[in-house]
Peer 1: 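Can you keep this structure in mind? I'll have questions shortly.
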Amino acid sequence: MSKHAFKIGLLVSCGLNAALLPAQSFAEAIAPGSISECPFIRPMHGLLPILFWIGLLPKPAMASTVAASDTGTSVVIRPNPKDQIACGRTRLEAVNDVVFVRRTLSGGKMLDLSMDIQIPVSPKRRPLVVYVTGGGFIQAPKEAALNLRTYVAEAGFVVASIEYRTARNGANYRDGIADVKSAIRYLRANATKYRIDPERVAVWGESAGGYLVAMVGVTNGNRSFDAGNDLDRSSEVQAVVDKFGASDLSKIASDFDPGTQAADNLPDNPIARYIAIVPGTRLLDAQIAATVANPLAYVNAAVPPFLIFHGSRDRLISPSQTLMLHDALNAGGGHSVRYVLDGAGHGDLSFLGDDESGLPWSARQTMDIIVDFLKASLGGE
């Protein structure tokens, strides 16, 4: 084995070990009423840092400037980064690596998609929150955001963090939406086993996951996105939490400097492939991004309530992306509340070396807004 191959293998092994620490060990170690820091796994987003380091993938284009967007229909907050969430109030059961669907990829290869589930230890059935991670449409690590998921689960919800197909699997946006809906149907079909109230279901996503949960929410009742398992069950949701997700991907860099807009328009980038699946496609030329792959195209008065967040200093997805969706939802007869975190960026970017970036997003004020919205929309203790 060459030195280079050995180094890659070592990094892959160490990286995955760091990313895949079991949630169950924390749940068993913390006694109810013993308050402590929430369990945290440094977000590896699978192999992304390694692929960046060895040059197999370019680092995401980070804008040098972000134009201010209208906050007139939003609520601006400045969470205290020192006031972080704490966990340990509620005992949780963790059931990890649950396969919810098997997909056939191009070439005939099979792929099992799995989820990690956190369940409050109680005989009572709880509302369900399906968490959909980010990853630039090239990775979907279900282990991400363990601290945030634990905090929500301890508030009285069953929380399931899922995998979905990405551009690296040869998948497109319809596949990602179908995978989220498959997870919802699977959990409804197994509601008794996981102590879920199947009538009360929310989706919660960040970045790429934010885009997917927005699409899931606005396509309630649209069976064209349902494929695979448990088709006798509903994939409809009663609430959506969209954290800095895209909407009209043809304008994803519209708030950014010209250099970043050009970088986001390079041929065959992962987002372009995920939306159009045409080699050499330029994202900003992809007509599909502005139409059938755009959640705004599906907005109607019957969509579930949305809670939307964006950081004013997001350098990866233009803040105007969530503003467009928020305004369209309210104009179309739906209900949306949008929070802008002043000075915050694109969530937790510690996998890119920014260890402070996640603090506004794990601040108690931010997370309590999410918990309160879920309780208001789904009910709960």
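All of these numbers come straight from a predicted model, not from anything done at the bench.
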Peer 1: Going from CD1 on Ile117 to CG on Leu128, what distance comes out if it is rounded to the nearest 0.5 angstrom?
Peer 2: 8.5 Å
Peer 1: Which atoms form the tightest heavy-atom contact between Glu236 and Asn220, and what is the distance?
Peer 2: CA-OD1, 3.1 Å
Peer 1: Could you tell me whether the side chain of Ser182 and the main chain of Ala227 form a donor-acceptor pair under 3.5 Å?
Peer 2: yes
Peer 1: Counting distance only, does the side-chain N/O of Tyr274 pair as donor-acceptor with the main-chain N or O of Arg168 below 3.5 Å?
Peer 2: no
Peer 1: Is the gap between the ring centers of Tyr339 and Phe309 under 6.0 Å?
Peer 2: yes
Peer 1: Go through it in stages, so that I can follow the logic: the residues are Tyr173 and Asn294, the test is side chain to side chain donor-acceptor pair (under 3.5 Å), and I'd like the CA-CA distance, side-chain angles, deciding distance and then a yes or no.
Peer 2: CA-CA 10 Å; Tyr173 76 99; Asn294 184 349; over 6 Å; no
Peer 1: Run the numbers on Leu359 and Gln84 for side chain to side chain contact (heavy atoms under 4.5 Å, CB included), then give the verdict.
Peer 2: CA-CA 7 Å; Leu359 296 179; Gln84 293 289 296; 3.8 Å; yes
Peer 1: Is the shortest heavy-atom distance from the side chain of Leu92 to the side chain of Thr150 under 4.5 Å?
Peer 2: yes
Peer 1: Quick check against the 3.5 Å criterion: does Asp255 have a side-chain atom that pairs as donor or acceptor with the backbone of Ser320?
Peer 2: yes
Peer 1: Return the minimal non-hydrogen interatomic distance between Phe256 and Gln261, and the atom names on each side.
Peer 2: O-NE2, 2.8 Å
Peer 1: Backbone N or O of Asp97 within a donor-acceptor pair of the Asp116 side chain at under 3.5 Å?
Peer 2: yes
Peer 1: Quick one: pull up CZ in Arg165 and CG in Asp179 and give me the separation to the nearest 0.5 Å.
Peer 2: 4.0 Å
Peer 1: Whether the side chain of Ser247 engages the backbone of Gln321 through a donor-acceptor N/O pair (distance < 3.5 Å, no angle test) should be reported.
Peer 2: yes
Peer 1: Is it true that, when you exclude Arg364 itself, more than 12 heavy atoms of the residues, nucleotides or ligands shown sit nearer than 6.0 Å to its CZ?
Peer 2: no
Peer 1: Supply the atom-to-atom distance Lys142 NZ to Leu113 CG, rounded to the nearest 0.5 angstrom.
Peer 2: 11.0 Å
Peer 1: Which pair of heavy atoms, one from Arg195 and one from Pro120, lies closest together, and at what distance?
Peer 2: NH2-O, 3.2 Å
Peer 1: Of all heavy-atom pairs between His326 and Ser336, which one has the smallest distance, and what is that distance?
Peer 2: ND1-OG, 2.7 Å
Peer 1: Under the 3.5 angstrom rule, does the side chain of Asp230 hit a backbone N or O of Arg233 as a donor-acceptor pair?
Peer 2: no
Peer 1: Closer than 3.5 angstrom, by distance alone: can the side chain of Arg188 be matched with the main-chain N or O of Pro198 as a donor-acceptor pair?
Peer 2: yes
Peer 1: Looking at CD1 of Ile317 and OG of Ser254, how far apart are the two atoms once the value is rounded to the nearest 0.5 Å?
Peer 2: 11.5 Å
Peer 1: Please step through side chain to side chain donor-acceptor pair (under 3.5 Å) for the pair Thr73 and Asn330, ending with a clear verdict.
Peer 2: CA-CA 10 Å; Thr73 61; Asn330 287 326; over 6 Å; no
Peer 1: Is a side-chain N or O of Asn169 found less than 3.5 angstrom from the main chain of Thr166, in a donor-acceptor match?
Peer 2: yes
Peer 1: Kindly compute the distance separating CZ (Phe373) from CZ (Phe306), expressed to the nearest 0.5 Å.
Peer 2: 8.5 Å
Peer 1: Please lay out, stage by stage, how Trp204 and Leu307 fare under the test side chain to side chain contact (heavy atoms under 4.5 Å, CB included).
Peer 2: CA-CA 9 Å; Trp204 162 30; Leu307 175 64; over 6 Å; no
Peer 1: Mark yes or no for whether Arg89, through its side chain, and Ala86, through its backbone, hold a donor-acceptor pair below 3.5 Å.
Peer 2: yes
Peer 1: Report the C-alpha distance between Asp226 and Ser235 in whole Å, list the side-chain angles of each, state the deciding distance to 0.1 Å, and finish with yes or no for side chain to side chain donor-acceptor pair (under 3.5 Å).
Peer 2: CA-CA 8 Å; Asp226 284 289; Ser235 62; 2.9 Å; yes
Peer 1: Look at Asp197 together with Arg200 and state whether they make a salt bridge at an N to O cut-off of under 4.0 Å.
Peer 2: yes
Peer 1: More than 12 foreign heavy atoms under 6.0 Å from CZ of Arg223: is that the case here?
Peer 2: yes
Peer 1: Can you hop from Ile162 to Leu111 via hydrophobic side chains spaced under 4.5 Å?
Peer 2: yes
Peer 1: Indicate if Val76 and Met324 have the same hydrophobic cluster label, given that clusters are the connected sets of ILVMFWY residues with side-chain heavy-atom separations under 4.5 angstrom.
Peer 2: no
Peer 1: For a 4.5 angstrom cut-off between non-hydrogen side-chain atoms, does Tyr211 reach Val132?
Peer 2: no
Peer 1: Could you go through the side chain to side chain contact (heavy atoms under 4.5 Å, CB included) check for Leu341 and Trp361 one step at a time?
Peer 2: CA-CA 9 Å; Leu341 274 63; Trp361 299 101; 3.7 Å; yes
Peer 1: Report the C-alpha distance between Ile119 and Arg126 in whole Å, list the side-chain angles of each, state the deciding distance to 0.1 Å, and finish with yes or no for side chain to side chain contact (heavy atoms under 4.5 Å, CB included).
Peer 2: CA-CA 8 Å; Ile119 310 165; Arg126 305 285 183 159; 5.9 Å; no
Peer 1: Working to the nearest 0.5 angstrom, can you tell me the gap between Asp348 CG and Leu148 CG?
Peer 2: 8.0 Å
Peer 1: When you measure from the side chain of Thr322 to the backbone N and O of Ile308, does any donor-acceptor pair fall under 3.5 Å?
Peer 2: no
